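Quick notes on the structure that follows.
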Amino acid sequence: CDPFFFEKRSVPNQTLKPLPHFMEMNSARRMGLVVTVFGLGLMHAIVAFGNLTDYWTNFEFVKHVLSMDTLFPHTRVLYRALPQTWVHHLFYMLIILAELSIAALFLSATASLYKNRNLDEAGFSYAKKHAYWGVAAGMALWLLAFTVVGGEWFSMWQSAVWNATATARAQVVILLLVYLLLVTVA
């Protein structure tokens, strides 16, 4: 039994030519990472753009979550509520700033990854640094701010209307998958 049987490529009466560089497996993996990182940058840019151009729609979301005014009727955590309007604006502006920062990190990572896609493994790994920062900033927003602070501290999960816990969890999973891609794509 030949252990290399499946690795041999033979076509009768033909000489096989090497694949063009852009079709090699490593190149395809790297481009997949570039597209994925670009997608996260674009998504966060669009979310931030929407929050800036339609400020009052999502401001209502932040206001209700922080005011805790749509929770279960007999909940005992209302002492945590922050009903001050200036606090709502502050939180919302911090969320928008985080979204813009995440977008900038992922979009700059996209440019760096694309520019360095043909470098050796060490060079390409160095080009990933902004993407790692993008994942960290994304986790700060979606895991810490939305899931932990919004979902648990302000009990957003109790609200039938103003509840983004499922969206936040989905973003955390996406960020974790991108982190795994960053670690594994050489």
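We count residues from 1, following the sequence as given. Note that the structure is a prediction, hence the values are computed from the model and not measured.
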Cluster overlap [X] with [Y], hydrophobic side-chain contacts below 4.5 Å:
{"X": "L94", "Y": "Y55", "answer": "yes"}
{"X": "L52", "Y": "F61", "answer": "yes"}
{"X": "L97", "Y": "L107", "answer": "no"}
{"X": "I174", "Y": "F38", "answer": "no"}
{"X": "L33", "Y": "L176", "answer": "yes"}

Between F124 and R30, is there a cation-pi geometry (under 6.0 Å to ring centre, at most 45° from the normal)?
yes
Keeping [X] on the side-chain end and [Y] on the backbone end, is there a donor-acceptor pair under 3.5 Å?
{"X": "Y132", "Y": "L182", "value": "yes"}
{"X": "T75", "Y": "L71", "value": "no"}
{"X": "H44", "Y": "S101", "value": "no"}
{"X": "S125", "Y": "E121", "value": "yes"}

Gap separating the [atom1] atom of [X] from the [atom2] atom of [Y], nearest 0.5 angstrom:
{"X": "R80", "Y": "E152", "atom1": "CZ", "atom2": "CD", "answer": "8.5 Å"}
{"X": "L144", "Y": "W153", "atom1": "CG", "atom2": "CH2", "answer": "15.0 Å"}
{"X": "L175", "Y": "W142", "atom1": "CG", "atom2": "CH2", "answer": "9.0 Å"}
{"X": "N163", "Y": "T70", "atom1": "CG", "atom2": "OG1", "answer": "8.5 Å"}
{"X": "W162", "Y": "N58", "atom1": "CH2", "atom2": "CG", "answer": "8.0 Å"}
{"X": "M139", "Y": "T147", "atom1": "CE", "atom2": "OG1", "answer": "9.5 Å"}

Can you give me the closest heavy-atom contact between [X] and [Y], atom names plus distance?
{"X": "A109", "Y": "A131", "answer": "CB-N, 3.3 Å"}
{"X": "A45", "Y": "A103", "answer": "N-CB, 3.5 Å"}
{"X": "P83", "Y": "S67", "answer": "CA-OG, 3.9 Å"}
{"X": "A137", "Y": "L105", "answer": "CB-CD1, 4.1 Å"}
{"X": "Y114", "Y": "V34", "answer": "N-CG2, 3.9 Å"}
{"X": "N26", "Y": "A186", "answer": "OD1-O, 3.1 Å"}

Full working for side-chain contact (heavy atoms from CB on, under 4.5 Å) between M68 and M156
CA-CA 8 Å; M68 302 175 76; M156 178 171 56; over 6 Å; no
M93 vs L90, test: side-chain contact (heavy atoms from CB on, under 4.5 Å). Steps then yes/no.
CA-CA 5 Å; M93 292 308 295; L90 176 65; 5.7 Å; no
Intermediate values then yes/no, side-chain contact (heavy atoms from CB on, under 4.5 Å), V62 and L66:
CA-CA 6 Å; V62 173; L66 296 179; 3.7 Å; yes
Quick one: are R169 and V172 in side-chain contact, heavy atoms under 4.5 Å?
no
Can you confirm whether L119 sits close enough to Y126 that some side-chain heavy atom of one is under 4.5 Å from a side-chain heavy atom of the other?
no
More than 12 foreign heavy atoms under 6.0 Å from CH2 of W56: is that the case here?
yes
When you compare the side chains of Y92 and N51, does any donor N or O come within less than 3.5 Å of an acceptor on the partner?
yes
Pair W157 and F72, ring centroids less than 6.0 Å apart
yes
Taking the six-membered ring for Trp and the single ring otherwise, decide whether the centroids of F59 and H89 are under 6.0 Å apart.
yes
Report the C-alpha separation of L42 and F106 in whole Å, then their side-chain angles, then the decisive distance to 0.1 Å, and conclude whether the side-chain contact (heavy atoms from CB on, under 4.5 Å) test is met.
CA-CA 8 Å; L42 182 61; F106 279 128; over 6 Å; no
Check N116, L113, V37 against K128 for a side chain to side chain contact (heavy atoms under 4.5 Å, CB included) and give me the one that passes.
L113
